[in-house]
Every structure is written in structure tokens, then in C-alpha cells.
Amino acid sequence: MSRTFLFLLSAVLITGIARAEGVGDRDALPSSATRLRGTSSLMPMPDGGLLSLGGSSLRLLPPGSKRWETLHQVPKGNLYRVAVNDAGGVLAAWESEPVVHYLLPQSKRHLTLPLPSVPPPGISGFGLQYLAFATNGRDALIRMEGSTPHRTGPSRGARRVYMVYRVPLDGTGAPELLYMVDGAQLVQMGPRVAAYLIPTVLGPACNEHMLCEFSSLIAYELTATGVTQKTLLTKEQVRMAGARRVNGSDDDRLVLQIEASGTRHERGLLTWRRGDAKADYRPLPGRIDDANRLLVMKSGALVELVKLEEDALEIRHTLPDGRQTTTRLRAPEDPDIVDSDPHGIGERGDGTLWAHWGDYVLLFPPGKPPRASSIVSLLGRRDDWAGVDLYVSSPESLWIGVEIGAGRDFVRVPFAQLEKGAKPWPTE
């Protein structure tokens with residue numbers, strides 16, 4: 001047997017092993033109805049299907065199917081923005097292209113829409129950051145971001161600028177600028193409502209992850225007749241140092257955790273329903289902690305997962321009337337378990353709570369003690385959880401993000417299996 005043949009045979013074997021172990025092109029690895037490889041996130045479709053976000057391909061798992069379908073691919077591209085509407089339409093953008101793809105998978109229709117190509121005067125670093133379908137059914141919404149130089153006063157640098165456009169879905173019109181916000185921090189954005197923190201002093205010091213004090217919290221609401229602006233909170237009411245979107249917040253009900261200025265990390269909860277003249281604000285007990293997971297339920301109750309120093313966990317329920325109850329869960333007794341972080345929290349279709357804690361999914365039956373199911377036992381392996389779990393109501397499942405080197409996979413865990421393997425979890 002020649003050396004050349006042995007070398008080629010070794011190369012083939014090494015390549016096969018590398019692909020099996022997740023090395024190399026993640027898109028080349030096979031995906032299934034229970035595991036999607038080489039993606040950043042998942043997005044549910046209105047009919048129960050799923051879309052992948054990340055990699056070079058836009059992939060769809062139709063409801064009931066066992067195979068992912070490729071809707072469109074941009075070789076060596078990166079799919080980084082996706083949106084869906086109730087009719088099953090999809091908007092998708094790849095970083096390397098100057099267009100947005102509009103796809104209707106059922107009819108196999110595929111159009112391209114132009115991105116804004118010329119920024120307003122003085123704007124640099126112009127790029128796409130958000131996609132959505134407008135509620136009028138005729139347009140796509142596009143948020144572009146850029147920066148503008150700041151040369152006055154002691155702070156020099158660049159301020160972030162947000163620009164929101166609409167583009168006709170039929171591809172016949174150019175992008176139209178709806179509004180622009182200069183120097184603010186974006187807190188939440190949806191098809192109807194966007195919320196921004198306006199700094200007290202305009203300048204680069206108010207870029208994200210830097211200390212700043214804000215004069216107001218502003219909402220921009222897109223209506224059938226245009227754009228309306230509402231002030232939801234001012235510094236006269238609360239001295240604001242930041243705001244964080246609470247999971248469960250949406251266009252109809254904006255829910256934010258407000259960080260108050262000062263050294264105590266004091267906080268409050270702001271709730272505003274679209275169309276209301278004023279927002280509701282009330283102080284919250286406890287302190288700001290980025291490691292905690294927050295959820296506002298449909299009932300209006302706020303739920304928090306709070307990790308304690310001894311690796312135990314507290315579940316705090318704050319009712320709309322301000323009453324609070326706390327359940328403390330003991331740390332896992334298994335000495336081999338090193339992951340005790342809270343990774344996710346959500347509301348099931350029946351209105352009950354689920355939480356991803358370390359290697360377990362916790363279930364909270366009404367009026368009964370919590371139960372827990374080991375993800376490791378179900379999957380047969382321990383993974384590096386990414387903290388980006390997605391709940392799907394039908395068939396009821398939890399897609400759990402798993403970090404794989406520089407990439408990410410998602411694994412599907414049905415709630416029927418979680419319920420079957422769940423055991424009572426000790427509380428204090």
C-alpha cells in the first residue's frame with residue numbers, strides 16, 4: 001500500500017471525525033427535528049414551525065416535519081436579522097448584502113427590498129440592526145444605526161444614532177425615514193413601539209455599558225397616521241441610571257426594570273400599555289443584579305430567579321398590588337454538578353411557570369411544590385448551556401441553546417419528557 005494512498009485515507013478519516021465532533025463548517029453538519037446545528041437563535045413561526053438565525057442559511061422546520069429546509073443561502077454570509085408575520089412571511093438579511101430578502105415559503109415567492117444606502121448628513125458607521133413587518137401589512141420596518149461625532153465640552157467621541165425607516169413590501173418604493181433619535185439608549189423595540197432613554201447631557205458618555213444619568217424615558221409609537229412620541233418617565237419622578245427590558249414585555253405592554261441613580265442599586269418597575277396617556281411606576285424591593293432572570297406573566301405578576309451565594313435559588317413573585325412571596329430552593333446535592341446558574345424562565349401555555357436552573361428544568365404546578373427534571377439524564381450528556389432557551393407551545397417543547405466551541409446548537413426537549421422525569425425539589 002503506497003504512502004500517498006495512506007495519506008489520503010488518513011485525511012478522509014480525520015475530516016470525517018472533525019465533522020462528527022463539530023469542527024469546521026457548522027452548516028455542513030446534519031440537523032434534525034431534535035437538534036439544530038450551527039445557529040445563533042431560533043424564531044417561532046405562527047403555524048408552529050421554526051426558523052434558524054445565524055450561519056449562511058435561512059432554515060425552516062415546518063410543523064410536524066423531521067427535516068430542516070433551506071429557504072435561502074448566501075455562501076460565506078452571516079444571517080443576522082430575521083422577522084416573521086402572521087401570514088407566514090419572512091424578512092431576512094445577511095451582513096454581506098445591501099438588500100433585505102422577503103420570502104413567502106408557502107407560495108415560494110422571493111423578493112428583495114433595498115436597504116437605506118445613504119445616511120443622513122454627519123452619520124458614519126451606517127448599518128442594519130433591526131427588521132420587522134409593519135402592522136399595516138404593506139411595509140417592512142428597518143432600524144439603521146450609526147454614529148455622529150461629539151466635539152464639544154470635556155467629552156469627545158461619538159454618539160449613537162438610531163434611524164427607523166419603512167420600505168414597501170412589493171419592492172416598488174425607496175426607504176422612507178420615519179424618525180431619528182440622536183445620543184439615546186435603546187431599551188426596547190417592536191413593530192409598534194420603541195422606547196429610548198434620553199441622557200441628561202448629550203455626549204458619548206451615554207453609550208451602552210458606561211455610566212450616565214437620564215432625563216427621560218421616551219416611547220415612539222407607530223400608528224396608521226404616523227409617529228407619536230410620549231414621555232413615560234422623567235428625572236423629576238426618578239433619577240434614572242438605566243433600564244432593562246423584562247422578559248414578557250411586548251408592544252402592547254411595555255415592562256421595564258428601572259435602575260435608580262446612586263450607590264445602592266435601587267430599582268423600580270415601569271409598566272405602560274400602548275395607547276395609555278401615562279405609565280405606572282413603583283419601587284421594587286431588592287437590588288439590581290444582571291445575573292437574575294426576570295419575567296412578567298400575563299397576569300401582571302413579576303417573577304425573579306435570584307441566585308444566592310451558597311448556590312441556592314430564590315423564586316420571588318411580586319403581584320400587581322405589590323405583595324411578594326418567596327420560595328427558596330436548595331442547591332443540588334449532586335457533587336458532580338458545577339452549574340448552578342439560572343439560565344432561563346418562562347410561562348407555559350396553561351399559565352404556569354418553568355425555569356432552567358443549572359442542569360435542571362423546574363416545573364411549578366399550581367398549589368404544589370416545585371418539581372425538577374434533569375436535562376442531562378434526558379440528553380445523555382452535560383452541555384455548556386447558552387442561556388437562550390425558547391419555549392414552543394405546540395408541540396410543547398423547550399429548545400435549549402448549547403454552546404459548541406465558537407458556534408451554538410439548539411436541542412429540543414419535549415415537556416412530556418420533562419413531566420415524566422420530574423421529581424419533587426426540596427424547598428426551605
Side-chain angles (χ1 to χ4, degrees), residues 78 80-83 91-102 111-136 138-210 212-232 243 245 251:
N78 179 37
Y80 76 122
R81 295 292 180 265
V82 172
L91 295 172
W94 280 259
E95 285 184 333
S96 58
E97 294 190 321
V99 298
V100 173
H101 296 262
Y102 173 36
L111 298 174
T112 56
L113 312 179
L115 280 176
S117 57
V118 180
I123 304 296
S124 60
F126 195 56
L128 170 68
Q129 295 298 327
Y130 175 82
L131 276 177
F133 284 92
T135 56
N136 62 15
R138 301 186 303 273
D139 300 320
L141 293 179
I142 295 175
R143 187 185 81 235
M144 305 292 286
E145 293 184 17
S147 60
T148 183
H150 182 79
R151 300 186 178 91
T152 61
S155 6
R156 296 174 180 270
R159 302 192 308 264
R160 183 167 295 175
V161 183
Y162 303 94
M163 295 145 282
V164 177
Y165 297 78
R166 64 180 175 190
V167 183
L169 289 174
D170 60 11
T172 60
E176 175 191 359
L177 180 63
L178 296 177
Y179 68 88
M180 181 168 63
V181 184
D182 184 358
Q185 277 191 16
L186 177 66
V187 181
Q188 174 172 314
M189 184 164 189
R192 293 184 179 92
V193 174
Y196 300 86
L197 282 169
I198 308 300
T200 302
V201 178
L202 196 63
C206 286
N207 288 335
E208 291 181 9
H209 311 302
M210 300 185 72
C212 186
E213 188 168 296
F214 298 93
S215 63
S216 58
L217 174 68
I218 303 295
Y220 284 82
E221 184 179 356
L222 301 183
T223 67
T225 58
V227 181
T228 61
Q229 181 180 328
K230 293 182 179 179
T231 299
L232 305 184
R245 178 188 181 275
D251 267 4

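Values below: every heavy atom of this structure, side chains too, minus hydrogens, waters and symmetry copies.
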(request) Could you list the residues that satisfy side chain to side chain donor-acceptor pair (under 3.5 Å) with Ser117, not counting sequence neighbours? (result) none

(message) Keeping Thr200 on the side-chain end and Glu213 on the backbone end, is there a donor-acceptor pair under 3.5 Å?
(response) yes

(request) Measure the CD1-CG distance between Ile142 and Leu113 for me, rounded to the nearest 0.5 Å. (result) 7.0 Å

(request) Using side chain to side chain donor-acceptor pair (under 3.5 Å) as the criterion, list what pairs up with Ser147, not counting sequence neighbours. (result) Ser124

(request) Tell me, please, which residues at least two apart from Thr223 pass side chain to side chain donor-acceptor pair (under 3.5 Å). (result) Thr225

(request) For Glu95, enumerate each residue passing the salt bridge (charged side-chain N to carboxylate O under 4.0 Å, His left out) test, keeping only those at least two apart in sequence or located in another chain. (result) none

(message) Among residues at least two apart in sequence or on other chains, which ones pass salt bridge (charged side-chain N to carboxylate O under 4.0 Å, His left out) with Arg192?
(response) none

(request) Quick one: list whatever passes side chain to side chain donor-acceptor pair (under 3.5 Å) with Glu145, sequence neighbours left out. (result) Arg143

(request) Starting from the C-alpha separation in whole Å, work towards a yes-or-no answer on side-chain contact (heavy atoms from CB on, under 4.5 Å) for Val100 and Val167. (result) CA-CA 10 Å; Val100 173; Val167 183; over 6 Å; no

(request) Considering non-hydrogen atoms only, spot the tightest contact between Gly173 and Asp170 and give its length. (result) N-OD1, 4.5 Å

(message) Can you tell me how far apart CD (Gln229) and OH (Tyr179) are? Round to the nearest 0.5 Å.
(response) 9.5 Å

(message) Given 3.5 Å as the limit, does a donor-acceptor pair link the side chain of Tyr130 with the main chain of Leu141, or not?
(response) no

(message) Which heavy atom of Leu91 sits nearest to which heavy atom of Ala140, and what is that distance?
(response) CD1-CB, 3.8 Å

(message) So does Arg138 get a backbone contact from the side chain of Asn136, meaning a donor-acceptor N/O pair under 3.5 Å?
(response) yes

(message) Show the nearest heavy-atom pair for residues Val187 and Arg245, with the distance to one decimal.
(response) O-CB, 4.0 Å

(message) I need the Met180 CE to Thr148 OG1 distance, nearest 0.5 Å.
(response) 8.5 Å

(message) Between Gln185 and Arg160, do the side chains contain a donor N or O and an acceptor N or O under 3.5 Å apart?
(response) no

